[in-house]
Amino acid sequence: MRRAGLNRALAAAPWAALDAVTTALYGVLFLFVVGRLIGPAELGLASSALAFVLLVEAVSSAGLQEAVIRLPGADTRRTDATHALAVALSLAAMPIAWLAAWRYGVATGEPRLLPLVAFASVMLPLNAIACVPTALLVRKMRGRQLLLRPITGKIAGIGVLIGLAAAGARASAIVAASVATSLGGAVALYAATTRRPRLRWDRRVAAAQLRFGLLAGVDGLFWMVGLRLFTLAFAAAFGMRALGQLQLALRLVEEVSRLLQSIVMRYALALFAELRRAKADVAPTLLRATGLLNAAAVPAFVALACIGDLVVVATFGGPWSQAGGAVRLLAAASVLTFARMLVTPALKAIGRPDRVALAASVNFASALAVIASLRVVEAPVAVALWAARELLALAIWAVLARHHLGVSLGDGARALAPSWAAGGVMALLLAALRHVLEPGPLVAVGALAYGALFWSGKRVPLAGLLGAAGGGRWRRSTS
């Protein structure tokens with residue numbers, strides 16, 4: 001069974017890679033259109049409208065997709081009941097989003113917000129009807145079928161964005177593109193689904209799935225709620241234009257993150273769960289996957305952390321210059337995010353979502369602390385505080401990995417040492433040459449230096465020192 005799960009994951013990897021490429025292309029086009037045709041203030045308004053919808057969706061989705069992934073087999077009674085629950089929760093969430101947007105619009109003096117939120121809330125049922133079919137495909141690791149939804153949705157979304165932005169629409173173009181993405185993805189998914197879920201209610205099954213989903217999905221819930229509350233509070237404190245600058249930075253770093261993590265994270269929970277069912281140790285797989293993931297992530301984020309401001313001005317122009325500092329801070333934080341990213345699905349796979357919930361609650365508390373500080377700090381300091389939360393998150397996840405997965409500090413350091421050591425040298429090189437070379441050649445030089453150092457990582461003294469810290473050798477079998 002273990003070998004079969006690994007084989008399915010490997011077979012699905014090329015499709016996930018293709019999804020990553022299309023995601024990158026979509027992100028580049030989106031950022032280019034927004035940067036060139038839509039101003040910071042309009043991006044801030046659209047982001048606020050979408051934040052309300054995504055905020056209530058974070059709660060109404062209730063982790064049901066992960067609950068379906070963990071089901072032991074093809075149980076249509078439970079999947080249909082979960083589907084009915086997802087749709088019901090999404091419909092109930094729509095008026096909540098409207099009411100919250102109305103109150104916020106009155107408080108901030110922005111009457112355009114409510115119509116945008118009312119339109120954007122259509123995404124809630126569209127995403128809900130795709131929840132169960134997507135979960136079933138993820139559980140079976142059907143990469144080709146899964147790819148249809150995001151590709152079709154992104155093609156529809158970018159087409160709507162370009163068309164409306166060229167016609168003079170601004171904030172409404174961004175919202176309409178998001179709705180078109182959800183609609184196109186849902187249509188493509190159902191067209192490729194052999195057995196479509198039905199609205200078949202079962203109170204006991206729905207209650208059980210809801211309990212597990214809320215517990216298993218609490219990390220995503222806290223992350224999404226914290227981020228959306230931060231963006232809304234940021235807009236209230238510093239204005240829509242400042243939020244637009246922040247959103248461009250968030251979106252730029254997020255697109256890079258999606259490109260890097262989509263191949264691994266899409267099937268991480270399913271793969272770890274299959275290893276667990278086969279009574280295999282997940283720690284060696286976790287460490288190897290973490291090392292590979294960070295090998296790709298570190299140079300990308302180091303480059304943005306060192307010269308993100310230059311990239312923003314060169315790509316989007318002077319009006320977006322304030323986003324450059326935020327890009328650098330958020331990219332530096334993302335290096336820490338990727339170091340602990342795979343611990344979450346590993347803990348869920350071994351049946352410890354309660355530990356994930358504990359860590360997420362602490363991280364959420366730190367988010368609320370940053371939000372409370374917006375009354376007394378300036379915008380750049382607020383972004384720095386938001387990014388610094390990753391230091392606390394990394395420490396918490398390291399403790400959890402040690403106690404529940406048997407991954408010591410030395411194990412994690414050994415997995416990260418080659419990429420972090422090479423990334424540190426790359427950062428010094430970029431900092432020294434940032435005023436000498438243009439962004440393009442500078443990135444090329446940094447990438448070449450990183451590649452040379454990474455592939456000789458076993459001979460880098462820092463790698464050996466880090467690998468020896470905390471006990472060094474794996475205590476678990478790698479068989």
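We use all heavy atoms of the structure for the numbers below, so side chains are in, but hydrogens, waters and symmetry mates are not. Note that this is a predicted model, so its numbers are computed, not measured.
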Problem set entry | Trp386 and Phe230 aromatic ring geometry - parallel, tilted or perpendicular at 30°/60° bounds | parallel

So, for [X] and [Y], which heavy atoms are closest and what is the spacing to 0.1 Å?
X	Y	answer
Ala303	Met426	CB-CE, 4.0 Å
Thr108	Ala236	CG2-CB, 4.5 Å
Ala249	Ala326	CB-CB, 3.5 Å
Leu442	Leu430	O-CD2, 3.3 Å
Thr231	Leu243	O-CD1, 3.6 Å
Val312	Trp320	CG1-O, 3.3 Å

Problem set entry | Set of residues satisfying ring-ring contact (aromatic ring centres under 6.0 Å, His included) with respect to Phe30, sequence neighbours excluded | none

Exercise. What residues form a ring-ring contact (aromatic ring centres under 6.0 Å, His included) with Trp397, not counting sequence neighbours?
Worked result: none

Does [Y] offer a backbone N or O that forms a donor-acceptor pair with the side chain of [X] under 3.5 Å?
X	Y	result
Asn127	Ser182	no
Gln245	Pro319	yes
Arg36	Thr315	yes
Tyr104	Ser48	no
Asn294	Thr290	yes

For this session: Any chance you could lay out the side-chain contact (heavy atoms from CB on, under 4.5 Å) test for Leu116 and Phe52, step after step, and finish with the verdict?
Result: CA-CA 10 Å; Leu116 289 174; Phe52 278 104; over 6 Å; no

Problem set entry | Face-on cation placement of Arg203 at Trp201 ring, 6.0 Å and 45° thresholds | no

For this session: Count the heavy atoms of every other residue, nucleotide or ligand shown that sit under 6.0 Å from CD of Glu378, and state whether that count exceeds 12.
Result: no

Exercise. Counting only heavy atoms not in Tyr190, do more than 12 sit closer than 6.0 Å to its OH atom?
Worked result: yes

Less than 4.5 Å apart, any side-chain heavy atom of [X] and any of [Y]?
X	Y	value
Tyr450	Ser419	yes
Phe364	Val225	yes
Arg434	Asp309	yes
Arg340	Glu390	yes
Val187	Thr152	no
Met123	Leu50	yes
Val327	Val311	no
Ser257	Phe301	yes

Just list the side-chain donor-acceptor pairs under 3.5 Å for residues 158-169, sequence neighbours left out, or say none.
none

With rounding to the nearest 0.5 angstrom, report the [atom1] to [atom2] distance, [X] to [Y].
X	Y	atom1	atom2	answer
Gln247	Leu45	CD	CG	11.5 Å
Thr134	Leu189	OG1	CG	4.5 Å
Ile174	Ser47	CD1	OG	6.0 Å
Leu232	Leu55	CG	CG	7.0 Å
Leu248	Gln322	CG	CD	11.5 Å
Leu347	Arg355	CG	CZ	9.5 Å

Exercise. So does Arg112 pair up with Glu42, basic N to acidic O under 4.0 Å?
Worked result: yes

For this session: Apply the test side-chain contact (heavy atoms from CB on, under 4.5 Å) to residues Tyr26 and Ile151: give CA-CA distance (whole Å), side-chain angles for both, the deciding distance (0.1 Å), then the verdict.
Result: CA-CA 9 Å; Tyr26 173 83; Ile151 286 184; over 6 Å; no

For this session: Just do the side-chain contact (heavy atoms from CB on, under 4.5 Å) check on Leu89 and Ser61 with the steps written out, would you?
Result: CA-CA 7 Å; Leu89 291 174; Ser61 61; over 6 Å; no

For this session: Apply side-chain contact (heavy atoms from CB on, under 4.5 Å) to the pair Leu293 and Phe338, showing each step before the final yes or no.
Result: CA-CA 7 Å; Leu293 180 62; Phe338 271 69; 3.7 Å; yes

